[in-house]
Amino acid sequence: MTIEFPVKNDVFTRDIMTVAQLNQAVGQLLDRNIPALWVRGEISNFTQAASGHWYFTLKDSRAAVRAVMFRSRASAVGFVPRAGDQVEVRARVSLYEPRGDYQLQADGMRRAGLGNLYEAFLRLKAQLADEGLFDPAAKRAPVALPRAIGVITSLHAAALRDVLSALARRAPQVPVIVYPAPVQGGDAAGRLAAQLQLANARQEVDTLLLVRGGGSIEDLWSFNDETLARLVAASAIPVISGVGHETDFTIVDFVADVRAPTPTAAAELACAP
C-alpha cells in the first residue's frame, strides 16, 4: 500500500512552528490521508481501565505501535484479549497531540486467522440482541435453596470435577444430577441442546449449570450455536453459564440467566448463601 501525504495548507512553509502547531498539522495529515484499516499483531501491555477503555500495544517481530479502544467499542468485541494473543484490529491511525505519539484508535477486534468465525459470532450476537434475548429484565436469579442442581457438561471434563468439588464444599446437602454431553466437536451443540431439553422435560432440578473449561474460539464454538442459545433463553429452569476462563465469552453467556467467569464460579453462584 502506497500512502502519499500532500500538504494541503501552508503550515509547513512557516519559518518557525510551535510544537503544538507541528503536532496538530501531523495529526491532520494522518486523519486525512490514511483510511481505517486492519492491522495484525500480538497484544502486549494490555490494560483495562476503570473507565472500560482498553490500552495496549500491538507488536510483531520488528515493530510496535500503541493502541486504544474506547469502552463503547470494547464492549462489542466478545472477548477480553490477553498478552500474547494474536489479533486483527480495525483502526484509524491518529496522533495523540500532547505527546506527539502516533497510535491506533481501534473500533473492532477479532482473533487473528479466525475472521470468519468471529464475524459469524458478531452477526448472531447482534441478531439475538435485537430480538431481546439478552434483555436483563427477562433474566432470573437462581433459586436460593435449590432442591437439586443440574450440570450439563462432559463426564470427562475437568470442569465437572471442579463443579462437583465446589458444590460438595458449599452445599453438600443438595443433590446433583449430571446431564452428560460432549462440549467440543461437530455434534456437541446438538447433544448439549438435547440434554437441556431433557432437563426441562424432567423438571427434577431448580438450577442448571452449563459449563466447560477454557479453550480457543474453535474449542468453544459449540456454545455459539444458535439453536442451543435459543433453548437456553427459553429454558423454564434458570441457567448459569460457566464456559471457559474469565476472559472467554460465548453466545450462551449472553442468553443465560447468569454468566459466571469459570465453572467453579458457576457452582458457587448456584448455591450462594
Side-chain angles (χ1 to χ4, degrees), residues 1-9 11-12 19-130 134 216-218 220-221 224 244-251 253-254:
M1 176 174 63
T2 301
I3 299 173
E4 298 180 357
F5 292 96
V7 177
K8 299 181 180 179
N9 55 53
V11 66
F12 292 113
V19 174
Q21 289 171 333
L22 173 63
N23 285 357
Q24 182 180 50
V26 172
Q28 290 174 350
L29 287 177
L30 293 175
D31 289 340
R32 292 171 180 170
N33 292 278
I34 303 182
L37 70 171
W38 285 96
V39 184
R40 179 186 294 117
E42 178 184 327
I43 293 284
S44 67
N45 301 321
F46 178 83
T47 299
Q48 184 171 17
S51 62
H53 304 330
W54 293 354
Y55 300 93
F56 56 95
T57 298
L58 200 63
K59 67 178 185 177
D60 59 23
S61 60
R62 299 177 58 188
V65 60
R66 291 180 179 177
V68 59
M69 177 175 270
F70 296 120
R71 179 179 60 187
S72 60
R73 300 293 187 176
S75 63
V77 169
F79 68 95
V80 178
R82 292 171 285 192
D85 284 354
Q86 293 287 333
V87 299
E88 294 168 352
V89 172
R90 187 178 188 277
R92 294 187 302 103
V93 180
S94 64
L95 188 82
Y96 183 63
E97 293 182 17
R99 285 201 305 263
D101 293 340
Y102 103 89
Q103 64 181 10
L104 299 178
Q105 186 170 316
D107 59 23
M109 181 185 292
R110 64 194 183 196
R111 298 189 189 277
L114 297 173
N116 291 338
L117 283 181
Y118 183 59
E119 294 296 336
F121 169 86
L122 290 181
R123 283 196 300 271
L124 180 57
K125 181 172 178 279
Q127 176 188 339
L128 297 184
D130 288 343
F134 303 167
S216 67
I217 189 172
E218 295 158 305
L220 303 179
W221 194 249
N224 292 322
H245 301 301
E246 186 169 357
T247 55
D248 295 318
F249 285 87
T250 66
I251 296 297
D253 291 318
F254 294 105

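These numbers come from the heavy atoms of this one structure, side chains and all, not from hydrogens, waters or symmetry mates.
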Do the side chain of Asn224 and the main chain of Phe121 share a donor and acceptor less than 3.5 angstrom apart?
-> no

Is any side-chain heavy atom of Leu37 closer than 4.5 Å to a side-chain heavy atom of Val93?
-> yes

In terms of side-chain geometry, is the basic nitrogen of Arg99 or Asp101 positioned less than 4.0 Å from the acidic oxygen of its partner?
-> yes

What are the two closest non-hydrogen atoms of Pro81 and Met109, and how far apart are they?
-> CG-SD, 3.9 Å

Please answer whether the main-chain N or O of Met69 pairs with a side-chain N or O of His53 as donor and acceptor at a distance below 3.5 Å.
-> no

Taking side chain as C-beta onward, heavy atoms only, is Ser94 less than 4.5 Å from Asp31?
-> yes

Sub-4.5 Å side-chain heavy-atom contact between Val65 and Tyr102 | yes

Least distance between heavy atoms, Ala36 atom then Arg92 atom = CB-CG, 4.1 Å

Search all heavy atoms of Ser51 against all heavy atoms of Arg71 and return the closest pair with its distance.
-> O-CD, 3.1 Å

Note, Thr57 side chain near Phe46 side chain (heavy atom, < 4.5 Å) = no

Nearest heavy-atom approach of Leu104 to Leu58 is CD1-CD2, 4.1 Å

Evaluate the criterion side-chain contact (heavy atoms from CB on, under 4.5 Å) for residue pair Lys125 and Ile251; output intermediate values, then yes/no.
-> CA-CA 6 Å; Lys125 181 172 178 279; Ile251 296 297; 3.7 Å; yes

Decide side-chain contact (heavy atoms from CB on, under 4.5 Å) for Leu128 and Phe134; before the verdict, give the C-alpha distance in whole Å, the side-chain angles of both, and the deciding distance to 0.1 Å.
-> CA-CA 7 Å; Leu128 297 184; Phe134 303 167; 3.8 Å; yes

Check: Thr250 main-chain N/O paired with Asp253 side-chain donor or acceptor under 3.5 Å | yes

Can you find a pair of side-chain heavy atoms, one from Gln24 and one from Glu97, that are under 4.5 Å apart?
-> yes

What pair of heavy atoms forms the shortest contact from Ala106 to Val89, and how long is it?
-> CB-CG1, 3.3 Å

Applying side-chain contact (heavy atoms from CB on, under 4.5 Å), run through Val80 and Gln48 and close with a yes or a no.
-> CA-CA 9 Å; Val80 178; Gln48 184 171 17; 4.2 Å; yes

Nearest-0.5 Å distance, CD of residue Gln86 to CG of residue Asp60 | 9.0 Å

Would you please indicate if the ring centroids of Phe249 and Phe79 are separated by under 6.0 Å?
-> no

Below 4.5 Å, heavy atoms only, C-beta onward: do Phe56 and Ile43 meet side chain to side chain?
-> yes

Report yes or no: is the cationic atom of Arg110 (NZ for Lys, CZ for Arg) under 6.0 Å from the centre of the six-membered ring of Trp38, at an angle within 45° of the ring normal?
-> yes

Under-4.0 Å salt bridge between Arg111 and Asp85 = yes

Residue pair Phe70 / Gln105, side-chain heavy-atom distance below 4.5 Å | yes

Verify the neighbour count for atom CZ of Arg82: are there more than 12 heavy atoms of other residues, nucleotides or ligands below 6.0 Å?
-> yes

